[in-house]
Amino acid sequence: MALISYRQAETPLSFYRATPEDIQKRTRQSIREVVECDLSQEEPIDKDVLAKYSPIDVIWSSLTIETVAKDLADYRRLLTKFASYLRPG
């Protein structure tokens, strides 16, 4: 899971022509930390990580919740948990 600042990661394509390499470089520079997430725990993200970065701008997850959730109710619970870590707006 990567924690990044949206403002740092956004690429103003309307202001200049960015190459894929430019976008990749900006994205890599914007990632603060890649952290482990254990969805079997009540608090999936370590409390020290949350204390350091909370609220979080972006949580990147690829098929994590979908794979772990046992049913629709569990999926919703996990999604709600992740949403609670995000910066409002």
Side-chain angles (χ1 to χ4, degrees):
M1 178 179 307
L3 304 177
I4 64 173
S5 168
Y6 175 76
R7 288 185 183 94
Q8 291 175 337
E10 68 179 341
T11 303
L13 294 174
S14 60
F15 299 119
Y16 67 96
R17 283 199 139 342
T19 65
E21 292 78 17
D22 293 335
I23 295 169
Q24 182 181 38
K25 181 179 176 184
R26 284 178 54 109
T27 301
R28 288 184 184 276
Q29 290 172 343
S30 300
I31 294 174
R32 296 182 194 166
E33 187 172 347
V34 176
V35 299
E36 290 185 23
C37 176
D38 185 351
L39 294 177
S40 68
Q41 301 298 315
E42 186 61 34
E43 290 296 330
I45 300 174
D46 184 82
K47 65 182 178 179
D48 293 333
V49 171
L50 290 176
K52 187 175 178 181
Y53 295 115
S54 202
I56 298 169
D57 291 327
V58 176
I59 297 175
W60 182 282
S61 170
S62 180
L63 299 174
T64 307
I65 298 172
E66 295 85 346
T67 303
V68 174
K70 299 173 184 98
D71 53 29
L72 184 57
D74 197 31
Y75 177 83
R76 287 181 177 156
R77 182 185 64 78
L78 291 168
L79 197 58
T80 300
K81 176 60 81 176
F82 276 141
S84 72
Y85 299 138
L86 293 171
R87 183 181 312 279

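Small disclaimer: the values here were computed from a predicted structure and weren't measured.
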Nearest 0.5 Å please: distance from the CD atom of E33 over to the NZ atom of K52. 5.0 Å
So, taking the atom named OG in S61 and the one named CG in L79, what distance separates them when rounded to the nearest 0.5 Å? 9.0 Å
When rounded to the nearest 0.5 Å, the distance separating CD1 of I45 from OH of Y53 is 12.0 Å
Output, in order, the C-alpha distance, side-chain angles, deciding distance and verdict of side chain to side chain contact (heavy atoms under 4.5 Å, CB included) for F82 and L39. CA-CA 10 Å; F82 276 141; L39 294 177; 3.5 Å; yes
Listed partners of D74 passing side-chain contact (heavy atoms from CB on, under 4.5 Å), at least two apart: A69, K70, D71, R77, L78
In terms of heavy-atom contacts, I59 and I56 come closest through CG1-CG2, 4.0 Å
Kindly write out the residues that satisfy side-chain contact (heavy atoms from CB on, under 4.5 Å) with D48, not counting sequence neighbours, or none if the list is empty. D46
To the closest 0.5 Å, what do you measure between CD1 (I65) and OG (S62)? 11.0 Å
Partners meeting side-chain contact (heavy atoms from CB on, under 4.5 Å) with E43 (sequence neighbours left out): L50, K81, Y85
